[in-house]
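Single-structure report; data block below.
Residue numbers start from 1 in every chain, and the chains themselves are labelled A, B, ... in the order their sequence lines are given, proteins ahead of strands.
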2 protein chains.
Amino acid sequence: MVAGLSTELNILEAARKVFMQKGFAAARMCDIAKTANINPALLHYYFRKKEKLFDVIFEQELDGFHSDIMSILHSGRTFFENIRLIIDKDIQKVASAPFLPMFILNEMHSNPERMQRSLGIIQRHSALFNVFREVVEREHLAGRIRAVCPQQLFLSIWGLTMFPFLAQPMVKMALEIDDQSFDALIRERSEYVSDMLIKSLQV
Amino acid sequence: MVAGLSTELNILEAARKVFMQKGFAAARMCDIAKTANINPALLHYYFRKKEKLFDVIFEQELDGFHSDIMSILHSGRTFFENIRLIIDKDIQKVASAPFLPMFILNEMHSNPERMQRSLGIIQRHSALFNVFREVVEREHLAGRIRAVCPQQLFLSIWGLTMFPFLAQPMVKMALEIDDQSFDALIRERSEYVSDMLIKSLQV
DNA sequence: GTCTATAGCGGGATAGAC
DNA sequence: GTCTATCCCGCTATAGAC
């Protein structure tokens, strides 16, 4: 029907919000219906089960996660320039969806089986790391950076950029800051993290 | 009764396991009872509600989180030595309870109100940061480290040490490593992170 | 203190009218 | 496609015997 597509998108939008904030177990179908301003029964008409609906959201979110990093790595710029771009992109993306990291990691943690359902995502993620590793090794052989374990560096980039969002409530509490100060901290973080990483990599 | 205390401890131990793995919403009182090998009704005899039981666990876990860092900061060692000790302690502690960071952050995220119930914890956490800030500022004035935003540094230490555990399933997937390789990565991480931080702080 | 039995409800899912 | 009504299960919580 005419309204079909728009209703479906409407549901997906609402489900995204609710699942991201509450996670699978705590999310209520009623909440999703209320957020979408539709009848609860409609959720089952479009997506047969809660889990089906969740899977759609989860896959979408996970897939777009590091999609543009690959292209940055393949650009002609220097390694240090690329580091800055990647950090910037990561922080910028997550800042616009601050619940995303927590959502992804939490669900992967609480339901590891879900992951194995979508092999394609796994492949894309490890492909990303392999490119990253090659670049790091090339840079070191060329004498432009010091010897470094690519895995550790990869983990560090993720940790430095995503942790503030993962721990947002705790961070605000421990640092005694409000929303504005937190935003300011995030705005300054990109440069701070890039400087720190680059300085630690210089020969 | 005689069995009273041991049953209570038994319950707490079981509840810790289940809540840590599943989180509040997905955890089942039955699972806890089964894990503790007791009758489900007993849970309500000792702790009136699921939430009461959860609160006890949550508070315990959160409180012990950074308890020994304070004493490290107050020791007579140099700043760089302290950085190494803190990183080491953090990683070591979390490695022995890898679900802990995810548990804490997830519950703070999904139920921020719970936090306000226990003001003491908030105070201890911000006290920790204040000591850290003073130390950093003193070191900079003494010319022993370069100028650095204490908040950013604090966030970085946490992120670099805790992220690997928070993202463990994703990390294994992206880096294509198994449990053994992950453990090896963690063992090497303490030194890697310390070196990186110290190098970026040197004047 | 520990058990059995069961109340009571919240929430996912379906049937069927429109 | 959308609605109302309702089923039914799983789970928390309690009553009450032992």
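The NZ atom of B:K34 sits 12 Å away from the C1' atom of D:dC11 (whole-angstrom rounding). Whole-Å rounding puts the A:L43 CG to D:dG1 C1' distance at 13 Å. Residue B:D31 contributes atom CG, which lies 13 Å from atom P of D:dG10 at whole-angstrom precision. Look at CD1 on A:I32: it is 11 Å from P on C:dA13, rounded to the nearest Å.
Residues meeting the side chain to side chain contact (heavy atoms under 4.5 Å, CB included) test with A:D183, sequence neighbours left out: A:R187. Applying the side chain to side chain contact (heavy atoms under 4.5 Å, CB included) rule to A:Y45 yields the partners A:L42; only residues at least two apart in sequence or on another chain are considered. Under the rule for a side chain to side chain donor-acceptor pair (under 3.5 Å), B:N39 has no partner lying at least two apart in sequence or in another chain. Under the rule for a ring pair (Phe, Tyr, Trp, His ring centres under 6.0 Å), the partners of A:H109 that lie at least two apart in sequence or sit in another chain are B:F99.
Counted within 6.0 Å of NZ on B:K52, heavy atoms from surrounding residues, nucleotides or ligands total 12 or fewer; the atom is thus considered open.
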For nucleotides 3-5 of chain C, print each protein N/O atom paired with a nucleotide N/O atom at under 3.5 Å, atom names and distance only.
residue : atom : partner : partner atom : Å
C:dC3   : OP2  : B:N39   : N            : 3.4
C:dT4   : OP2  : B:N39   : ND2          : 3.1

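Taking a 4.0 Å limit (strictly below) on heavy-atom distances, residues 47-59 of chain A reaches DNA chain C at A:K49, A:K50. Only A:A27, A:R28, A:M29, listed by number, bring a heavy atom of residues 14-29 of chain A to less than 4.0 angstrom from any atom of DNA chain C.
Remark: B:T7 is in phosphate contact with C:dT2, judged by side-chain N or O atoms under 4.0 Å from OP1 or OP2. Side-chain N/O atoms of B:H44 include one lying less than 4.0 angstrom from OP1 or OP2 on D:dA13.
Remark: aromatic rings of A:F165 and B:F163 are distant, center separation not under 6.0 Å.
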Return all side-chain donor-acceptor pairs below 3.5 angstrom for residues 167-182 of chain B, not counting sequence neighbours, or 'none' if the list is empty.
residue : atom : partner : partner atom : Å
B:K172  : NZ   : B:D179  : OD1          : 3.1
B:D178  : OD1  : B:Q180  : N            : 3.3
B:D178  : OD1  : B:S181  : N            : 2.9
B:D178  : OD1  : B:S181  : OG           : 2.9

Considering only distance and modelled atom types, tabulate donor-acceptor pairs under 3.5 Å from the side chains of residues 133-141 of chain A, sequence neighbours left out.
residue : atom : partner : partner atom : Å
A:R133  : NH2  : A:N130  : OD1          : 3.0
A:E139  : OE1  : A:R144  : NE           : 2.9
A:E139  : OE2  : A:R144  : NH2          : 3.2

Give every donor-acceptor pair under 3.5 Å between a side-chain atom in residues 12-30 of chain B and any protein atom, sequence neighbours left out.
residue : atom : partner : partner atom : Å
B:E13   : OE1  : B:R16   : NH1          : 3.4
B:R16   : NE   : B:E61   : OE2          : 2.5
B:R16   : NH2  : B:Q60   : OE1          : 2.2
B:R28   : NH1  : B:A25   : O            : 3.4

N/O donor to acceptor pairs below 3.5 angstrom from side-chain atoms of residues 149-160 of chain B, sequence neighbours left out:
residue : atom : partner : partner atom : Å
B:Q152  : OE1  : A:R189  : NH1          : 2.6
B:Q152  : NE2  : A:L185  : O            : 3.0
B:S156  : OG   : A:R189  : NH2          : 3.1
B:S156  : OG   : B:Q152  : O            : 2.7
B:W158  : NE1  : B:H66   : ND1          : 3.4
B:W158  : NE1  : B:H66   : NE2          : 3.1

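Sorted by first and then second residue, the salt bridge (Lys or Arg N to Asp or Glu O under 4.0 Å) pairs with a member in residues 74-89 of chain A read A:R84-A:D195; sequence neighbours excluded.
Across C:dG1, D:dT14, D:dG1, the shortest atom-to-atom separation from the side chain of A:Y46 is found for D:dG1.
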